Amino acid sequence: MTETFEYVKEITKMSVDFDRWYTDVVRKAEMADYSGVRGCMVIRPYGYAMWEAIQRAFDDMIKSSGHENWYFPLLIPEELLMKEAEHIEGFTPEVAWVTEAGRSGKLDQRLAIRPTSETIIGSIVRRYIQSHRDLPQLTNQWCNVLRWEMRTRLFLRTAEFLWQEGHTFHAFEAEAKEEVDRILEYYREVAEDWLAMPVLVGVKSRSETFAGAVYSKSIEAMMRDGLALQAGTSHFLGQNFSTAYEISFTNRDNQREFCWTTSWGMSTRMVGGLIMAHGDDRGLIVPPRIAPTQVVVVPIFRTDEERARVEAFIETWEKAVRAECRLKVDWSDNRPGEKFNNWELKGVPLRLAVGPRDVEAREVQLADRLTGEKRQVPCAGLFEILPHELKKFQNALYQRALDFRAENTFEVATLQQLLDHFKERNGFVWAPWCGSEECEARVKDESGGVSIRNYDPDEKPSGVCLVCGRPAEHRVAFARAY
RNA sequence: CGGGCGGUGGCUUAGCCCGGCAAAGCGCCUGCUUUGGGAGCAGGAGAUCGCGAGUUCGAAUCUCGCCCGCCCGACCA
């Protein structure tokens, strides 16, 4: 891996310009592209396949806990959107409106293109809730949403993006809060166990809370430039929406009560996260559990006769391996070296090179995308070796990300120390905080954008606030964020 | 949404200042030769110069408007 520079063409090196590296990788690895409409991207098959893998993982989790998928309308009447004051105040700046349509022209009431669906889902699901026996309602939908973003970036912040939004309705406050935590745990699992991307799990500060929520929780991952990425959020909405939208039920004592509701979302941004959490100067490194292709085979031959021998040899173990992992044999006309570079750019975890020498020895050359190591392995055990290697790869990738985060995590006691730190480098910086929005805002102002990512609400620190010196309420993680 | 920069075959760019036949490398197609880390030779195709107006005998080049992208700020998953 020392000859990195030589191998890679057309990708800006990470160390030279991380943002350009990211855009280069997304486009050269054929994950996504621009569309010509500002903020709207084309997700290409290789990128979409990763999103599908993420979808499958999370969908299985929520189905196992009783959630059901619905589909709700894209267009939301203005009147409906306007009912929850804080919510609409938070979202208005980025809502796009349909104001005319068809032959009839201008609409009597303009329609919002959903930026999120609390309002319409609440107004519809309320119909199906009369008694405490109808609760909880555990709804989810996979859909697209639109938010008129000022500054966009493929996967990380696009105007239109794909996500799931879960919306649940409960009879009891405690139950709704448990739901928020259950989903947050699912997000952690998706991030850590599937994407090999370690995350901080915690509560958002007031200023970063979802518009209309009582509190929000998030998972926050560290990218390889040391910036934080909020990769999933779960909100406790209290009775804010149920009172605004009159979502109520009759309890056991025959009294009318408002529901306790939650909402939670995870988007195609997750795909951007996996790119930035694992990539290197040669391109992507895709976690095996998400990888559309886990093992790529590059056949090597000179003559037609050699080609036939190599092909016959591959066929002797191909089927058994396919039953265990996602395998692709690259029979394209390119030369081997070109294939090596191409599949490394695409981040395929394992590569098998198979040439006449290997046929003779009944073995293959196994190369590891993460370490760059190559070694010969016998073909006989491939169907066992490869799944094992993929598991090892998944763990090693996670461990590497964990180590990277540890190397880039710091602790400070004062605002000055924090400012000094961020003048030099990025990363996560833990510090005690009194809980006031003033102190939080001051850090943000003086540092030029460093914000509180989240914190563990149960941890009680002993020190004093890094800004004001009053007793600290929480130990919080500061970072620059995407 | 403000400030700065950019858009020329599929990709990366030169040409623009100083208006006069649209160029190079890579990629692509055909053939031969090659194949264990992006090969070589020969031939070939491919461009409304982001879009629209204006100035001019003549615009990739000058002027204005718009669109898209990048960077810096403010705003946000």
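Note that the structure is a prediction, hence the values are computed from the model and not measured. Convention: sequence-line order gives letters A, B, ...; per-chain numbering from 1.
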How far does the P atom of B/U33 sit from the matching atom of B/A22, given to the nearest Å? 40 Å

Expressed as a whole number of angstroms, how long is the span from A/Ile11:CD1 to B/C11:P? 17 Å

How close or far is atom C1' of B/G37 from atom CG of A/Asn342, stated in whole angstroms? 13 Å

Ion pair present between A/Arg442 and A/Glu438, side-chain N to carboxylate O less than 4.0 angstrom? no

Can you sort out the partners of A/Phe91 under ring-ring contact (aromatic ring centres under 6.0 Å, His included), two or more places apart, ordered by chain and number? A/His87, A/Phe210

Distance only, no hydrogens: is a donor on one side chain within 3.5 Å (strictly under) of an acceptor on the other, for A/Ser205 and A/Glu440? yes

A/Arg302 CZ: over 12 foreign heavy atoms closer than 6.0 Å: no

If we take the P atom in both B/A60 and B/G50, what is their distance in whole Å? 10 Å

Determine, for nucleotides 70-77 of chain B in 5'-to-3' order, which nucleotides have protein heavy atoms under 4.0 Å from the base (write B), from only the sugar-phosphate (write S), or from neither (write -). SSS-B-BB

Could you tell me how far B/G44 sits from B/G25 if I compare only their P atoms? Round to whole Å. 14 Å

Side chain to side chain contact (heavy atoms under 4.5 Å, CB included) with A/Leu75: which residues, sequence neighbours excluded? A/Val98, A/Leu111, A/Ile113

Separation of A/Glu338 atom CD from B/U34 atom C1', in whole Å? 13 Å

List the residues meeting salt bridge (charged side-chain N to carboxylate O under 4.0 Å, His left out) with A/Arg224, not counting sequence neighbours, and say none if there are none. none

Once each nucleotide of nucleotides 41-46 of chain B is scored for protein heavy atoms under 4.0 Å, what B/S/- sequence comes out, 5' to 3'? ------

Going by the rule salt bridge (charged side-chain N to carboxylate O under 4.0 Å, His left out), which residues pair with A/Glu94 if we only count those two or more places apart in sequence or in a different chain? none

Which residues pass the side chain to side chain contact (heavy atoms under 4.5 Å, CB included) test with A/Glu89, sequence neighbours left out? none

Base-pairing mate for B/G52 - Watson-Crick or G-U, with both contacts under 3.5 Å: B/C64

Within the 4.0 Å heavy-atom criterion, would you say A/Gly39 contacts the bases, only the backbone, or no part of the nucleic acid? sugar-phosphate

Output one line per pair: protein atom, nucleotide atom from nucleotides 50-52 of chain B, and distance, for all N/O pairs under 3.5 Å.
none

A/Ser242: side-chain hydrogen bond (donor to acceptor under 3.5 Å, both in side chains) partners, not counting sequence neighbours: none

Just how far, in rounded Å, is C1' of B/C32 from CG of A/Asp304? 14 Å

Please determine, for B/C21, whether a Watson-Crick or G-U wobble partner exists with both distances under 3.5 Å, and give it or none. none

If we call it a pair only when both distances are under 3.5 Å in a Watson-Crick or G-U wobble match, what pairs with B/G9? none

Mind checking side chain to side chain contact (heavy atoms under 4.5 Å, CB included) for A/Glu189 and listing every partner two or more places apart, or none if nothing turns up? A/Met61, A/Glu185, A/Tyr186, A/Asp193

In the structure shown, which nucleotide is the Watson-Crick or G-U wobble counterpart of B/G73, with both distances under 3.5 Å? B/C1

Closest to the 5' end of RNA chain B, once A/Thr303 and A/Arg38 are matched to their nearest nucleotides, is A/Thr303

Could you state the atom-to-atom distance from CG of A/Asn341 to P of B/U35 in whole Å? 18 Å

Run the numbers on A/Glu360 and A/Arg357 for salt bridge (charged side-chain N to carboxylate O under 4.0 Å, His left out), then give the verdict. CA-CA 5 Å; A/Glu360 211 54 47; A/Arg357 292 204 300 261; over 6 Å; no

Ionic contact status for A/Arg453 with A/Glu208, cut-off 4.0 Å: yes

Any side-chain to backbone donor/acceptor pair from A/Gln294 onto A/Arg326? Under 3.5 Å, distance only. yes

For A/Ile300 and B/U35, what is the distance between atoms CD1 and P respectively, to the nearest whole Å? 11 Å

Can you tell me the pairing partner of B/C41 across any strand shown, Watson-Crick or G-U wobble, with both distances under 3.5 angstrom? B/G31

Near RNA chain B, which residues from residues 353-367 of chain A have a heavy atom under 4.0 Å away? A/Ala353, A/Gly355, A/Pro356, A/Arg357, A/Asp358, A/Gln365

Gap between atoms CZ and C1', on A/Arg335 and B/G37 respectively (whole Å): 10 Å

Who are the side chain to side chain contact (heavy atoms under 4.5 Å, CB included) partners of A/Val321, not counting sequence neighbours? A/Trp317, A/Cys325, A/Leu327, A/Leu382, A/Phe383, A/Leu386

Return the value, rounded to whole Å, for the distance between atom CG of A/Asn334 and atom P of B/G40. 14 Å

Could you tell me if the side chain of A/Phe301 sits less than 4.5 Å from the side chain of A/Arg309, heavy atoms only? no

